[in-house]
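Here the structure comes first, spelled out in structure tokens, and everything after it is commentary.
These figures come from a predicted structure and were not determined experimentally. For this chain, numbers begin at 1 and follow the sequence in order.
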Amino acid sequence: MANQSIFPSLFFVSFFVYLASVHAIESPQFTVVHSESDFEVRLYRDSSWMSAPAREISFEKATKDGFHRLFQYIQGANLNSSRIAMTAPVLTSIVPGAGPLHSSAYFIRLYLPIKFQTSPPLPLPELNLHPDKWSSHCIATRKFSGFARDSNIVKEAEKLATSLSRSPWANSTGSGSAYAYSIAQYNSPFRFIGRVNEVWVDIDGSQTEECQVSGLEIY
């Protein structure tokens with residue numbers, strides 16, 4: 001029993017060892033349409049992700065559980081037995097609710113490499129994963145450093161909400177999305193300096209004129 005209880009943690013560590021060893025990994029493409037000192041609004045292109053639902057009280061536990069299953073998927077636990085390259089960020093979306101951390105459920109996602117965007121391999125049924133197709137839409141983002149924890153993600157999301165309340169997007173978030181906010185993590189847990197995380201919030205009216213404006217650069 002003791003060995004079984006530590007297995008998920010060891011698996012999670014091995015996942016991030018793998019992540020730390022990967023170079024030049026793919027990320028979803030976007031255009032910056034608005035930028036300020038503490039946040040920016042990006043127009044993300046159509047994209048495909050693989051999503052792992054999780055019901056946990058803890059953001060950290062939900063993320064570990066989702067990663068555990070997604071890692072198996074990219075390592076070949078799919079109907080094609082395909083190996084899939086790691087991408088960034090790892091995204092945990094938080095569904096609004098009345099529970100702890102202002103949440104009731106989570107969806108942990110990995111962006112699929114371009115090779116698999118059109119036809120991703122189907123995951124093995126026992127992993128409880130599903131493909132998630134995103135239409136082009138705008139997302140407000142705010143960077144924060146350190147580790148994304150149960151103790152700080154709500155505060156970071158509130159800081160983004162405060163910034164947006166003073167911007168042209170003051171009344172453009174919330175009602176059009178199933179998620180209160182998402183946390184994007186870009187680094188392995190073995191990196192302690194220069195860590196990058198982001199809070200993401202969907203902007204309502206993705207097809208509005210301001211979200212179609214050409215930005216500074218495509219990423």
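For K133, the NZ atom counts as densely surrounded, since its 6.0 Å shell holds more than 12 non-hydrogen atoms of other residues, nucleotides or ligands.
Judged purely by atom type and a 3.5 angstrom limit, N152 has no side-chain atom pairing as donor or acceptor with the backbone of G146. At least one donor-acceptor pair under 3.5 Å links the side chain of D150 to the backbone N or O of F59. Between the side chain of R45 and the main chain of F30, no donor-acceptor pair closer than 3.5 Å is present. Using modelled atom types, one side-chain atom of Y106 and one backbone atom of I57 make a donor-acceptor pair closer than 3.5 Å. With S82 contributing its side chain and N78 its backbone, the two residues share no donor-acceptor pair below 3.5 Å. Although no hydrogens or angles enter the test, the distance criterion places a donor-acceptor pair under 3.5 Å between the side chain of Q117 and the main chain of S48. The backbone N or O of G66 lies less than 3.5 Å from no partner atom in the side chain of H68, so there is not a single donor-acceptor pair.
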| field | Test salt bridge (Lys or Arg N to Asp or Glu O under 4.0 Å) applied to E26 and K115, step by step | value | CA-CA 11 Å; E26 293 182 39; K115 177 181 178 181; over 6 Å; no
| query | Step by step, would you call T63 with Q185 a side-chain contact (heavy atoms from CB on, under 4.5 Å)? | reply | CA-CA 10 Å; T63 302; Q185 300 182 69; 3.9 Å; yes
| request: Test side-chain contact (heavy atoms from CB on, under 4.5 Å) on V41 and W169 and set out the steps. | output: CA-CA 9 Å; V41 176; W169 284 271; 4.0 Å; yes
| task | Before giving the answer on side-chain contact (heavy atoms from CB on, under 4.5 Å), spell out for Y111 and S27 the whole-Å C-alpha distance, their side-chain angles and the decisive distance to 0.1 Å. | result | CA-CA 7 Å; Y111 171 74; S27 296; 5.5 Å; no
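Seen from the ring of F39, R142 does not count as a face-on cation partner, given the 6.0 Å and 45° thresholds. A cation-pi arrangement, defined by a distance under 6.0 Å to the six-membered ring centre and an angle within 45 degrees of its axis, is absent between R195 and Y186.
Atom CG of residue L129 and atom CZ of residue R109 lie 12.0 Å apart, to the nearest 0.5 angstrom. In this structure, NZ on K64 lies 8.0 Å from OG on S58, to the nearest 0.5 angstrom. Remark: E158 CD to T162 OG1 distance equals 7.5 Å, nearest 0.5 Å. One finds the CD1 atom of I139 at 8.5 Å from the CZ atom of R42 (value rounded to the nearest 0.5 Å). Rounding to the nearest 0.5 angstrom, the gap separating the OG atom in S145 from the CG atom in N187 is 10.5 Å. Atom-to-atom distance recorded for C138:SG and H34:NE2 is 11.5 Å, nearest 0.5 angstrom.
Inter-residue side-chain proximity for P53 and H130 is flagged as met; some heavy-atom pair is nearer than 4.5 Å. Side-chain contact between I108 and L70 is present, with at least one heavy-atom pair separated by less than 4.5 Å. The shortest side-chain heavy-atom distance between L110 and M86 falls under the 4.5 Å cut-off. When side chains are defined from C-beta on, H137 does not count as touching L43, because their heavy atoms never get closer than 4.5 Å. Taking 4.5 Å as the limit, some side-chain heavy atom of R69 sits within range of a side-chain heavy atom of N128. Residues V154 and Y181 form a side-chain contact, since some pair of their non-hydrogen atoms from C-beta on lies under 4.5 Å apart. Between F144 and V199 the shortest side-chain heavy-atom distance falls below 4.5 Å. Using a 4.5 Å heavy-atom threshold, the side chains of W49 and P28 count as touching.
Summarising the geometry of A148 relative to I183, their closest heavy-atom pair is CB-CG2, 3.9 Å, with the distance given to 0.1 Å. Heavy-atom minimum distance, M50 versus P120: CE-CB, 4.5 Å. Listed here is the closest heavy atom pair of S167 and E36: CB-OE2, 4.4 Å. Minimum heavy-atom separation, L91 to S182: CD1-CB, 3.6 Å. Taking every heavy atom of both residues into account, A140 and L160 meet most closely at O-CD2, 3.8 Å.
With no hydrogens or angles considered, no side-chain donor-acceptor pair links S136 and D46 at under 3.5 Å.
Between Y44 and W200, the distance from one ring center to the other falls under 6.0 angstrom.
If you run side-chain contact (heavy atoms from CB on, under 4.5 Å) between F116 and each of I84, T87, N80, only I84 comes through.
Ion pairing of K61 with D65 is absent here, as no side-chain N (NZ or NE/NH1/NH2) approaches a carboxylate O to less than 4.0 Å.
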